[in-house]
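Everything on this sheet refers to the single structure shown next.
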Amino acid sequence: MKILVSADMEGATGVTWPEDVIPGASQWERCRGMFTSDVNAAVLGFFDGGADEVMINEAHATMRNLLLDKLDARAEVLTGRHKSLSMVEGVQRGDVDGIAFVGYHTGAGAEGVLAHTYLANSITGVWLNGIRASEGLLNAQVVAEYGVPVILVTGDDLTCVDAAGYAPGAVTVAVKDHVSRYAAVCRTPARTAADIRAAAKQAAGLAVRHDPVPRGPFTVEVEFDAEHLALAATVVPGAERSGERRVAYTTETMYEGIRAFKAVTTVVAAAVEEQYG
């Protein structure tokens, strides 16, 4: 049994504000340890549950945040950029039986600690076939094309609610309770590590690869906080204006859909001006 862990940071234990997750910022180094603790707890739990292999794909920002020397020696870590499937890189290899979303968060425009979708600002909402989409929902649709179930999700309490919509069979762990976008009631690392390890052990029993079920086509609509960003996004082939601050595109697969989304966000990030956005 091989488990893939997609490790994001905003949903990690103790993380509540931007300085906690921006590489090089004042609180990032402190929070790297708690992020690593969450991920390592999942690794330990999966091995407790019978996994033969655990691959961790770093999925936050520069994708160089985990403390490698603090992780269980049996795990392997895919760290750094750039990757074809970004946050779920590795699922396309055909040997993954289940995937865990560790440290995830809610999507742009929704309630949740550090809620966003790919870009911290600029994007105010993303919809997949008319449903407001978080990164979890987008990534769940990608891995489904490879027959891989989402078996574990950790983050704040609202992330767990979100996960029930796209992975109703997954085990969830809330490491903190949302108060506002930049505040939460947090559990201690010792407590969350124990909770995540126990949940991962349970979730290992759900790691059963199945035949992919065709689900396309997929229409992704993205809303920005400024009109010029929608204009900038239209340089991506297939992306067309669907409103004053929106673009939309349609793909037959989510493999294509997530790669197009990455292209849109990359172009838009480059179009943001320092003072006016």
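Numbering starts at 1 and runs along the sequence shown.
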Query raised in the report: Are Arg74 and Val54 close enough that some pair of their side-chain heavy atoms sits under 4.5 Å apart?
Result: no
Query raised in the report: Hey, mind stepping through Val102 and Asp8 against side chain to side chain contact (heavy atoms under 4.5 Å, CB included) and telling me if it holds?
Result: CA-CA 6 Å; Val102 175; Asp8 204 359; over 6 Å; no
Query - Glu227: which of Arg241, Arg245, Arg246 passes salt bridge (Lys or Arg N to Asp or Glu O under 4.0 Å) - result: Arg241
Query raised in the report: Between Asp97 and Arg209, is the closest basic N to carboxylate O distance under 4.0 Å?
Result: yes
Requested in this report: Determine whether more than 12 heavy atoms belonging to other residues, nucleotides or ligands lie under 6.0 Å from atom NZ of Lys176.
Outcome: yes
Query raised in the report: Can you hop from Leu158 to Val173 via hydrophobic side chains spaced under 4.5 Å?
Result: no
Requested in this report: Nearest 0.5 Å please: distance from the CZ atom of Phe101 over to the CG atom of Leu137.
Outcome: 9.5 Å
Requested in this report: Taking all non-hydrogen atoms of both residues into account, name the closest pair between Cys160 and Thr172 and its distance.
Outcome: SG-CB, 3.7 Å
Report task. Could you pull out the closest heavy-atom pair between Ala200 and Leu152, with the gap in Å? Result -> CB-CD2, 4.1 Å
Query - Side-chain touch Tyr249/Val236, heavy atoms, less than 4.5 angstrom - result: no
Query raised in the report: Can you tell me how far the CD atom of Glu135 sits from the CE atom of Met87, to the nearest 0.5 Å?
Result: 4.5 Å
Query raised in the report: Distance-only, no hydrogens or angles: does the Ser37 side chain make a donor-acceptor pair with backbone N or O of Gly33 under 3.5 Å?
Result: no
**Report entry** Flag side-chain contact, heavy atom, 4.5 Å: Asp20 against Arg30
**Finding:** yes
Query - His60 (side chain) donor-acceptor with Ala7 (main chain) under 3.5 angstrom - result: no
Query raised in the report: Which heavy atom in Leu206 sits nearest to a heavy atom in Ala170, and how many Å separate them?
Result: CD1-CA, 4.4 Å
Report task. Output, in order, the C-alpha distance, side-chain angles, deciding distance and verdict of side chain to side chain contact (heavy atoms under 4.5 Å, CB included) for Thr188 and Thr13. Result -> CA-CA 7 Å; Thr188 64; Thr13 295; over 6 Å; no
Requested in this report: Look at the side chain of Thr192 and the backbone N and O of Arg187, then say whether any donor-acceptor pair between them is shorter than 3.5 Å.
Outcome: no
Query raised in the report: Do NZ/NE/NH1/NH2 and the carboxylate oxygens of Lys2 and Asp95 come within less than 4.0 Å?
Result: yes
Report task. Check step by step if side chain to side chain contact (heavy atoms under 4.5 Å, CB included) holds for Glu111 and Thr106. Result -> CA-CA 7 Å; Glu111 285 190 301; Thr106 55; 5.9 Å; no
Query raised in the report: With a 4.5 Å limit on heavy-atom distance, are the side chains of Ile3 and Ile151 in contact?
Result: yes
Query raised in the report: Within a strict 4.5 Å, meaning less than it, do heavy atoms of the Val264 and Val267 side chains meet?
Result: no
Requested in this report: Rounded to the nearest 0.5 Å, what's the gap from CG on Leu78 to NZ on Lys83? Could you check?
Outcome: 4.5 Å
Query raised in the report: In terms of hydrophobic clusters joined by side-chain contacts under 4.5 Å, are Val88 and Val96 together?
Result: yes
Query raised in the report: Are Arg197 and Asp48 close enough for a salt bridge, meaning some N to O gap below 4.0 Å?
Result: yes
Query raised in the report: Looking at OG1 of Thr16 and CG of Asp156, how far apart are the two atoms once the value is rounded to the nearest 0.5 Å?
Result: 11.5 Å
Requested in this report: Determine whether Leu114 and Met9 make a side-chain contact, defined as any pair of heavy atoms from C-beta on separated by less than 4.5 Å.
Outcome: no
Query - Donor-acceptor contact below 3.5 Å, side chain His228 vs main chain Val272 - result: no
Query raised in the report: Using 4.0 Å as the upper bound for N to carboxylate O, is an ion pair formed by Arg259 and Glu256?
Result: no
Query raised in the report: Same cluster or not: are Leu44 and Leu68 linked, directly or through other Ile, Leu, Val, Met, Phe, Trp or Tyr residues, by side-chain heavy atoms under 4.5 angstrom apart?
Result: no
Query raised in the report: Under 3.5 Å, side chain of Glu58 to main-chain N/O of Asn65, donor-acceptor pair present?
Result: yes
Report task. Could you state whether Leu85 and Tyr104 fall into the same hydrophobic cluster, counting links through intermediate Ile, Leu, Val, Met, Phe, Trp or Tyr residues with side-chain heavy atoms under 4.5 angstrom apart? Result -> yes
Query raised in the report: How far does CG of Asn57 sit from CD of Glu76, to the nearest 0.5 angstrom?
Result: 12.5 Å
Query raised in the report: Under a 4.5 Å side-chain heavy-atom rule over Ile, Leu, Val, Met, Phe, Trp and Tyr, are Val5 and Val143 clustered together?
Result: no
Requested in this report: Please report the shortest heavy-atom distance between Thr36 and Leu67, naming the atom on each side.
Outcome: OG1-N, 3.0 Å
Query raised in the report: Quick one: is the NZ or CZ of Arg32 closer than 6.0 Å to the six-membered ring centre of Trp28, and within 45° of its axis?
Result: yes
Query raised in the report: Is there a side-chain contact between Val247 and Glu240 (heavy atoms, below 4.5 Å)?
Result: no
Query raised in the report: What are the two closest heavy atoms between Thr124 and Arg132, and how far apart are they?
Result: O-NH1, 3.6 Å
Query raised in the report: Strictly by modelled atom types, are Tyr255 and Ser84 linked by a side-chain donor-acceptor pair under 3.5 Å?
Result: no
Query raised in the report: So, Thr250 versus Thr219: side-chain donor-acceptor pair below 3.5 Å or not?
Result: yes
Report task. Ignoring hydrogens and angles, tell me if any N or O in the side chain of Asp72 forms a donor-acceptor pair with the backbone of Asn40 under 3.5 Å. Result -> no
Query raised in the report: Where do Tyr166 and Asp162 land on the side chain to side chain contact (heavy atoms under 4.5 Å, CB included) test, with the steps shown first?
Result: CA-CA 7 Å; Tyr166 63 77; Asp162 182 51; 3.4 Å; yes
**Report entry** Separation of Ser134 OG from Tyr118 OH (nearest 0.5 Å)
**Finding:** 11.5 Å
Query raised in the report: With a 4.5 Å limit on heavy-atom distance, are the side chains of Tyr182 and Pro18 in contact?
Result: yes
Query raised in the report: If you measure only the distance, is there a donor-acceptor pair under 3.5 Å linking the side chains of Ser122 and Asp225?
Result: no
Report summary line: In terms of heavy-atom contacts, His105 and Thr159 come closest through CA-OG1, 3.2 Å
Query raised in the report: Does Asp157 use its side chain to pair, donor to acceptor, with the backbone of His178 at less than 3.5 Å?
Result: yes
